[in-house]
Amino acid sequence: MKEELSQLIQSSLETLVAQGDLPSDITPAIQIDRTRDKAHGDLASNIALTLAKAAGAPPRDVAAKICAALPDARFVEKTEIAGPGFINFFLSQDSNQAVVHKILDAGERFGHSDAGKGQKVQVEFVSANPTGPLHVGHGRGAAVGDSLCRLMAATGWDVSSEFYYNDAGQQISNLALSVQARCRGLGPDDAEWPADGYAGGYIQDVADAYRAGDTVDAQDRHVEAAGDVENLDAIRDFAVAYLRREQDQDLKAFAVDFDVYFLESSLYNSGEVEATVERLIAGGHTYEKDGALWLRTTEFGDDKDRVMRKSEGGYTYFLPDVAYHLNKWQRGFTRVINEQGADHHSTVTRVRAGLQALDTGIPEGWPDYVLHQMVTVMRDGEEVKLSKRAGSYVTLRDLIDEVGRDATRYFLVARAATSQLTFDIDLALSQSNDNPVYYIQYAHARVCSVVRKLAEQGIGWEKSDGLAHLDRLEEDAEKALLRRLDRFPEVVSQAASAAEPHSVATYLRELAADFHSYYNAHKMLVDDESLRAARLTLSEAVRQVIANGLHLLGVSAPESM
RNA sequence: GCGCCUGUAGCUCAGUUGGAUAGAGCAGUAGCCUUCUAAGCUAUUGGUCGAGGGUUCGAAUCCUUCCAGGCGCGCCA
């Protein structure tokens, strides 16, 4: 609709230029916005305001000329000039009702587009190391990342989701030592407890399972416990598999799945880490200092140079990070979105700098990042500190068990990633009925309920009948719903391109509010047959859009509550 | 000290990429269930958009300087 309107304005401007009312050297960017206030019509353009100076006339006069030169179009009912010189377009009833046809035709695909043209995109998220259960911060990453995947897929991208984890570094050694210590009956207060050991109670569970000789199947591995307390390698393999399985189960309970699990160790095994460091040295961007090998990342915008190889010979995490992203690039992902906690934001400049130093034609701004700010967890009015080592811990599983999957996902995805998030457990628990997610789901269930009621009364209902009588929808509440429904595709494409899934949540709340308001003011099961069919058809369209939107957030759309 | 993010109603947050009189929810106040699910609706109270300066027809939005909070600034990840 915006496109068609834009062409009308373009045509009008060309006429005015030909008449000499506008200078011929203008290059107008025609902008059309949805109006915030329905008194301003359906769509509005500021074109006259932007052209006033070039035209040498007051904006309202320019607007009048543009309107006069507009070609006739069926879908435009009338135009008005308002305020400082806006042109407001009032669309015809027909064009406002057309959205119902579109929704019922497209069904689950309404709101989708082919903007991505089938291009490959990889979304990496969560990427927690297997040293403990997932916490709330991972949950935010999972909710945002998964929703982002759904949005990219809905807008025509070929999406691959990926989970990267460190399965061999220092942290994993600490994990193995911690489990071994627990096997020996030690605790964090004992003198022999490992220096950087993990104190969480879950370590005891791992130790018990190891000694019992349990078998563990995780998404990407199968391990049988050796049971030997002296065998640190066996303990490490078992502990990693055990915690990977825990994380898999957490993610499954959260309805989040990954296409690829990528192991840091594979980059060493394949020689890619070594190849990367050699390439960086060959490129002349490195130097030795204090026995370590440095990369001159300051040449690429970093604020200080970074160590790649430590004086003791091992690599820092920085190097495998670069090798990993080179690997992504070589897999053909010209678009990559990394969803991470903002506490790791310093890696952004560093990884990009390392990739530039490789000089392989990777664009400067590649990859994209979505950084979510920290999640603070409140319980009993106090902040719960998240520390794996101290063992005081709010896991994602705790939240799912207590608050429910839908509410947890909604809460974690409904706010802009750039904003810090306070997750008040008490609030989520005590006011679970007031959670916005139920408000939206209830609107969906209400439509289903009305349809059920209809069936109970033995009354039939044909969508085609409703579609034929959409002109019966004359109430303000019905027009408001039509306007709201028509916006959905724009919300989806904007949320996808800006990587902001929260705007879908905002939209759904508004749509649900419109519907609840309508439901209370007007009865759907009226005796007037054509009006009844029209209202049911509109309601079905609302139900479909709510279901589509909730699906993008990974939240269920129940038929009854 | 430097870098990134944030600052909008008592609280939690939106704000269509610079548009018209800044919006929701919760909390508060006053109402609505013999009628399709009251997990709902209606009305109403509440604002110098952190502060100052700038850019222009027009700023919560862009630039700049401060103030406040969060995160980061390791040969940890």
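Since the structure is predicted, the reported quantities are computational estimates derived from the model, not experimental observations. The chains referred to below are lettered A, B, ... by the order of the sequence lines, with proteins before strands, and numbering in each begins at 1.
- Of the P atoms belonging to B/C13 and B/G50, the separation is 15 Å, rounded to the nearest Å.
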Residue pair A/Lys65, A/Asp61: steps toward the side chain to side chain contact (heavy atoms under 4.5 Å, CB included) verdict = CA-CA 6 Å; A/Lys65 284 181 178 170; A/Asp61 292 356; 5.8 Å; no
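- Here A/Ile281 contributes atom CD1 and A/Leu293 contributes atom CG; the two are 5.0 Å apart, rounded to the nearest 0.5 Å.
- Counting to the nearest Å, the C1' atom of B/A77 and the NE2 atom of A/His345 are 15 Å from each other.
- The listed nucleotides are B/C41, B/A77, B/A20; the one nearest the side chain of A/His40 is B/A20.
- Within 4.0 Å (heavy atoms only), A/Asp290 reaches at least one base atom of the nucleic acid.
- For A/Met374, the side-chain atoms get nearest to B/G70 when compared with the rest of B/G70, B/A14, B/C13.
- Within 4.0 Å (heavy atoms only), A/Lys453 reaches sugar-phosphate atoms of the nucleic acid but no base atom.
- Within 4.0 Å of A/Asn88, counting heavy atoms only, lies at least one base atom of the nucleic acid.
- For the C1' atoms, the distance linking B/G46 with B/G23 amounts to 13 Å, nearest Å.
- Nucleotides B/C62 and B/G18 have their P atoms positioned 7 Å apart, rounded to a whole Å.
- Ranking B/C41, B/U17, B/C36 by closeness to the A/Asn520 side chain, first place goes to B/C41.
- For the pair A/Ser503 and B/G15, the criterion of a side-chain N or O lying under 4.0 Å from OP1 or OP2 is not met.
- As rounded to the nearest Å, B/A9 and B/G52 have C1' atoms that lie 23 Å from one another.
- What separates CG of A/Leu175 from P of B/C76 is a distance of 19 Å, to the nearest Å.
- At a threshold of 4.0 Å, the pair A/Arg472-A/Asp528 counts as salt-bridged, since one of the basic side-chain nitrogens sits closer than that to a carboxylate oxygen.
- Closest approach to the A/Tyr519 side chain among B/C41, B/A14, B/A38 is made by B/A38 (side chain taken as heavy atoms from C-beta onward).
- Distances shorter than 4.0 Å separate some side-chain N or O of A/Lys310 from OP1 or OP2 on B/C76.
- Base orientation for B/C13: anti, the chi torsion being more than 90° from 0.
- Checked against the 6.0 Å centroid threshold, A/Tyr261 and A/Tyr165 do not count as a close aromatic pair.
- Taking the charged nitrogens against the carboxylate oxygens, A/Asp486 and A/Arg34 do have a contact shorter than 4.0 Å, which makes a salt bridge.
- Residue A/Lys304 has its side chain nearest to B/C73 when only B/C73, B/G69, B/C75 are considered.
- Checked against the 6.0 Å centroid threshold, A/Tyr369 and A/His345 do not count as a close aromatic pair.
- Close to B/U42, at under 4.0 Å from its OP1 or OP2, lies a side-chain N or O of A/Ser517.
- The residue A/Thr316 sits close only to the backbone: its heavy atoms come under 4.0 Å of sugar-phosphate atoms, none of a base.
- Residue A/Ala443 is out of contact with every strand shown, counting any heavy-atom pair closer than 4.0 Å.
- For B/A39, its base never sits under 3.5 Å from the side chain of A/Tyr438 at any donor and acceptor pair.
- With hydrogens and angles left out, the side chain of A/Asn46 and the base of B/G19 share a donor-acceptor pair within 3.5 Å.
- Comparing the same atom, C1', in B/C5 and in B/G25 gives a spacing of 25 Å after rounding to whole Å.
- When distances run from any side-chain atom of A/His516 to the nucleotides B/A77, B/G40, B/C36, the shortest one goes to B/G40.
- Here A/Ala342 lies in heavy-atom contact (under 4.0 Å) with sugar-phosphate atoms only.
- Across all non-hydrogen atoms, the minimal contact from A/Tyr518 to A/Ala477 is CD1-CB, 3.7 Å.
- Residue-level contact check: A/Ala498 touches the bases, meaning some heavy atom is under 4.0 Å from a base atom.
- Rounded to whole Å, atom P of B/A24 lies 16 Å from atom CD1 of A/Ile440.
- Between the CG atom of A/Leu371 and the P atom of B/G70 there is a distance of 19 Å, given to the nearest Å.
- Side-chain atoms of A/His344 and base atoms of B/A77 include a donor and an acceptor less than 3.5 Å apart.
- At a threshold of 4.5 Å between non-hydrogen side-chain atoms, the residues A/Glu478 and A/Arg535 count as touching.
- Between B/A38 and A/Arg446, a contact under 4.0 Å exists linking OP1 or OP2 to a side-chain N or O.
- With a 3.5 Å ceiling on both atom-pair distances, the Watson-Crick or G-U wobble partner of B/G3 is B/C71.
- Considering only side-chain atoms of A/Leu49, the nucleotide from B/A14, B/C75, B/C57 that sits closest is B/C57.
- With the nearest nucleotide of RNA chain B identified for both A/Glu500 and A/Ile87, A/Glu500 has the one nearer the 5' end.
- Residue A/His522 is classed as a base contact, given a heavy-atom separation below 4.0 Å to a base.
- Rounded to a whole Å, the OH atom of A/Tyr315 is 14 Å from the P atom of B/A77.
- Between A/Lys328 and A/Glu162, none of the side-chain N atoms (NZ, or NE/NH1/NH2) sits under 4.0 Å from a carboxylate O, so this pair counts as no salt bridge.
- Residue-level contact check: A/Gln170 touches neither bases nor backbone, having no heavy atom under 4.0 Å from any strand.
- If you measure from atom OH of A/Tyr410 to atom P of B/A14, you get 11 Å, rounded to the nearest angstrom.
- In the set B/A20, B/A77, B/U16, the nucleotide with an atom closest to the side chain of A/Ala82 is B/A20.
- Relative to the side chain of A/Lys53, the nucleotides B/C71, B/A20, B/C57 differ in distance, and B/C57 lies closest.
- The pair A/Arg543-A/Glu540 meets the salt-bridge criterion, with a side-chain N (NZ, NE, NH1 or NH2) lying under 4.0 Å from an Asp/Glu carboxylate O.
- Not a single donor-acceptor pair, N or O on each side, falls under 3.5 Å between the base of B/A20 and the side chain of A/Asp33.
- An anti orientation is assigned to B/U12, its glycosidic angle lying beyond 90° of 0.
- Between A/Asn166 and A/Val526, the residue anchored closer to the 5' end of RNA chain B is A/Val526, taking for each the nucleotide with the nearest heavy atom.
- Here the P atom of nucleotide B/C75 and the CZ atom of A/Phe318 are 12 Å apart, to the nearest Å.
- If you check distances only, the side chain of A/Thr418 never reaches the base of B/C5 with a donor-acceptor pair under 3.5 Å.
- Considering only side-chain atoms of A/Arg36, the nucleotide from B/G69, B/A20, B/C75 that sits closest is B/A20.
- Of the C1' atoms belonging to B/A27 and B/U45, the separation is 12 Å, rounded to the nearest Å.
- Regarding A/Met561, its CE atom lies at a distance of 13 Å from the P atom of B/A38, rounded to whole Å.
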